[in-house]
There are 2 protein chains.
Amino acid sequence: MPEQSPGSRPTLEAVAARAGVSRATASRVVNGGAGVRQPLVDKVLRAVEELGYVPNHAARTLVTRRTGAVAVIIAEPEIRIFSDPFFSQQIRGISKELTAHDTQLVLLLLEGPGDFERIARYLAGGHVDGALAFSLHIDDPLPAIIRRSGTPTVYGGRPSWTSAPSDQGVPYVDADNRGGARAAVQYLRDLGRERIAHIAGPRDQTSSTDRLDGYRDVLLDADPALITEGEFTVESGARAMKELLDRRPDLDAVFAANDLMASGALRVLRERGIPVPDEVALVGFDDMVSVAEDTDPPLTTIRQDVEGQGRLMARLLLRGLDKDSAETHAPASVITPTTLVRRASA
Amino acid sequence: MPEQSPGSRPTLEAVAARAGVSRATASRVVNGGAGVRQPLVDKVLRAVEELGYVPNHAARTLVTRRTGAVAVIIAEPEIRIFSDPFFSQQIRGISKELTAHDTQLVLLLLEGPGDFERIARYLAGGHVDGALAFSLHIDDPLPAIIRRSGTPTVYGGRPSWTSAPSDQGVPYVDADNRGGARAAVQYLRDLGRERIAHIAGPRDQTSSTDRLDGYRDVLLDADPALITEGEFTVESGARAMKELLDRRPDLDAVFAANDLMASGALRVLRERGIPVPDEVALVGFDDMVSVAEDTDPPLTTIRQDVEGQGRLMARLLLRGLDKDSAETHAPASVITPTTLVRRASA
DNA sequence: CTCCACCCAGAGAGCGCTCCCAGGGCCTTG
DNA sequence: CAAGGCCCTGGGAGCGCTCTCTGGGTGGAG
């Protein structure tokens with residue numbers, strides 16, 4: 001690769017001149033070369049090589065009205081994005097898919113609660129062709145902002161204002177939280193457990209409520225005392241476990257809405273000398289890397305393919321952006337399957 | 001904010017027409033309004049408001065040759081970016097600083113070993129004004145690629161080919177690894193420990209070697225049998241601890257090059273019934289969130305301000321990009337201080 | 001009262017690219 | 001052999017913006 005000449009980079013014009021063709025032809029070659037005779041293609045390609053030509057993105061965007069970039073919007077307070085490999089993994093999947101389609105990833109992290117205005121401006125500015133958003137909380141202003149900007153968007157996780165998979169035509173990708181929870185609880189029941197408790201996640205996230213719904217699907221008449229709530233953290237899981245043991249010392253199983261809380265619960269059970277799974281069986285959710293496998297005993301849990309979800313989000317968005325398939329209209333939502341992973345805790 | 005009209009967004013031309021001024025004046029107002037009389041400023045501003053005008057970024061970039069975006073390049077295999085809150089935290093800091101300067105963050109994750117070519121093309125394409133890179137390994141091809149592209153770049157962590165802080169004029173931000181290590185070992189010595197072992201990190205990362213150097217600074221004549229190597233993971237820390245205990249069962253302290261390995265070591269010590277810190281004192285490094293504080297006993301460790309480092313990286317880059325201060329030339333590297341955090345493990 | 005200087009607004013030229021449209025060459029067919 | 005058609009190439013307009021340069025108006029000074 002030729003060293004960058006100081007100052008300006010070569011333009012299409014320069015390439016055309018060197019190849020002895022017109023700018024239009026050079027452009028055609030650079031963009032695939034369809035409808036250009038081979039000898040000319042070769043000449044242009046050689047000129048590109050020799051000059052180290054790289055198309056000017058801004059100029060191209062100006063006329064094509066496509067930026068080749070997609071925003072990833074994460075509107076979460078700091079805490080979660082750190083301790084949770086969830087986002088990193090999701091982003092990894094997104095990045096993989098975008099890269100494969102030659103699309104850039106612009107990361108938009110919300111800085112403080114008043115920062116929505118900035119996001120709105122950015123989207124309205126047409127900097128990106130579309131967006132992938134994680135809107136986890138009820139009453140999140142983000143979806144409204146996004147809708148108003150007219151930016152094609154796919155959500156990660158079921159937005160709170162939807163209730164059915166196909167609702168409102170807002171495309172999203174989510175794990176089968178309810179089905180997974182059902183499978184977990186059913187598994188505990190099949191094990192012969194009769195007093196199955198649930199440590200739910202925050203009430204304002206659909207993943208929590210969906211999992212709670214799944215629990216209730218199986219245990220239609222569950223004692224309310226068997227249900228507590230945590231915040232998806234280790235600490236809150238420990239706290240919840242204590243609460244449950246106070247209320248129902250006779251419980252013989254716990255389904256925690258995520259692995260972090262399950263590991264907190266496990267710690268409390270160990271501290272109290274309650275053998276797992278002999279006396280209390282425990283099932284988590286997520287199959288979180290370097291958590292589920294590393295507890296003692298390792299967690300039986302519900303696995304979801306987080307990276308795959310990220311990939312899918314990107315794919316859905318890209319497909320929607322592709323005008324060729326625009327006939328297919330807005331992409332539909334996708335619910336990805338979950339699987340039960342049996343380890344030692346249940 | 002007015003709803004986006006279907007199809008095209010309003011242009012400066014439209015704003016100018018509505019305000020009854022020329023495009024040039026409208027442009028001036030949009031860009032700060034210097035040198036325009038107040039009544040006209042007001043008229044233009046009103047037109048902007050009414051039309052919902054947002055400048056076209058591509059057009060602006062085309063003429064100003066500034067993109068208002070910075071690339072963050074992470075060339076790490078998946079594993080680390082997941083389990084390590086390090087990057088997330090660094091990115092948080094970067095994002096904060098960039099946002100404050102109205103600059104966008106384009107995330108470039110390396111997808112597979114052959115992906116450097118793509119990064120090179122991207123940087124050469126002038127999509128971004130500068131880059132922030134994490135090049136952790138010796139023989140990483142990334143720095144060469146970046147240099148060739150001519151993209152102003154600040155590194156996170158001391159690149160391997162530098163040896164002194166001001167070397168080669170390649171700006172980077174790093175914690176005072178050597179000094180921190182020195183403090184850790186000195187602390188153990190002050191505690192009266194005489195056979196202090198070290199679990200080093202991977203040999204091909206400067207943070208590892210710098211910490212090892214710090215250890216050696218204090219223990220000039222350390223028995224080589226007291227030094228092992230891990231891969232900055234919990235598992236490798238456990239393995240290293242076993243190795244050390246085999247070789248030198250009489251050791252009375254361990255300095256691990258990061259908290260993850262320290263927690264692995266701790267597990268082994270507990271399994272073997274060796275009381276910490278009574279018989280073996282343990283010091284980690286990083287003060288990693290949800291690790292150092294959550295072990296049993298909690299880790300004494302060396303804290304570094306990761307988010308602050310990210311912020312600093314962005315600030316350095318932005319300052320270098322700002323032509324006003326271009327006189328100051330390439331930004332200098334910064335070494336951020338570390339502090340010893342005393343907990344129960346030593 | 002006149003002249004000059006200064007300040008502010010507008011006209012116009014591009015930035016580098018894509019894409020429409022017209023025209024030229026060559027091959028095919030009558 | 002001539003005419004028609006088709007494929008390929010080049011010319012040129014224009015995407016939306018910034019910025020230089022020119023010109024007009026106003027205020028102050030002589």
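Any value given below was found using the heavy atoms of this structure, including those in side chains, with hydrogens, waters and symmetry copies removed.
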Whole Å only: how far is the CG atom of A:Leu62 from the P atom of C:dG14? 17 Å
Answer yes if the side chains of B:Asp305 and B:Thr336 hold a donor-acceptor pair under 3.5 Å, and no otherwise. no
Pairing donors with acceptors under 3.5 angstrom, does anything connect the side chains of A:Gln38 and A:Asp42? yes
In whole Å, I'd like the distance from the NE2 atom of B:His127 to the P atom of C:dG16. 15 Å
Would you confirm whether B:Thr61, through its side chain, and B:His57, through its main-chain N or O, come within 3.5 Å as a donor-acceptor pair? yes
Helical bend (five base pairs per end, nearest 10°) for the helix from C:dC1-D:dG30 to C:dG30-D:dC1: 50°
Side chain of B:Arg60 only, heavy atoms from C-beta on: which candidate in D:dC17, D:dC19, C:dC19 is closest? D:dC17
To the nearest Å, how far apart are B:Leu51 CG and D:dG16 P? 13 Å
For D:dG16 and A:Arg65 - does any side-chain N or O of the residue sit under 4.0 Å from the phosphate oxygens OP1/OP2? yes
Nearest-Å distance, CZ (A:Arg66) to C1' (C:dC19)? 17 Å
Look at B:Asn56 and D:dC15 and indicate whether a side-chain polar atom (N or O) is within less than 4.0 Å of OP1 or OP2. no
Got a salt bridge between A:Arg311 and A:Glu307, using NZ or NE/NH1/NH2 to carboxylate O under 4.0 Å? yes
Once the angle between the rings of B:Phe87 and B:Phe134 is folded into 0 to 90°, is it parallel (under 30°), tilted (30 to 60°) or perpendicular (over 60°)? perpendicular
Closest heavy-atom contact between A:Arg121 and B:Asp102? NH2-OD1, 4.2 Å
Do B:Thr153 and B:Thr151 have side-chain N/O donor and acceptor atoms under 3.5 Å apart? no
Test side-chain contact (heavy atoms from CB on, under 4.5 Å) on B:Asp129 and B:Leu317 and set out the steps. CA-CA 10 Å; B:Asp129 297 332; B:Leu317 180 67; over 6 Å; no
Salt bridge present between A:Arg158 and A:Asp174 (N-O < 4.0 angstrom): no
Using atom CD of B:Glu13 as one end and atom C1' of D:dG14 as the other, report the distance to the nearest whole Å. 12 Å
Could you run down the sub-3.5 Å N/O contacts of the protein with nucleotides 9-11 of chain C?
from, atom 1, to, atom 2, distance (Å)
C:dA9, OP1, B:Arg37, N, 3.4
C:dA9, OP2, B:Gly35, O, 3.3
C:dA9, OP2, B:Arg37, N, 3.3
C:dG10, OP2, B:Ser22, N, 2.8
C:dG10, OP2, B:Ser22, OG, 3.2
C:dG10, OP2, B:Thr25, OG1, 3.0
C:dG10, N7, B:Arg28, NH2, 2.9

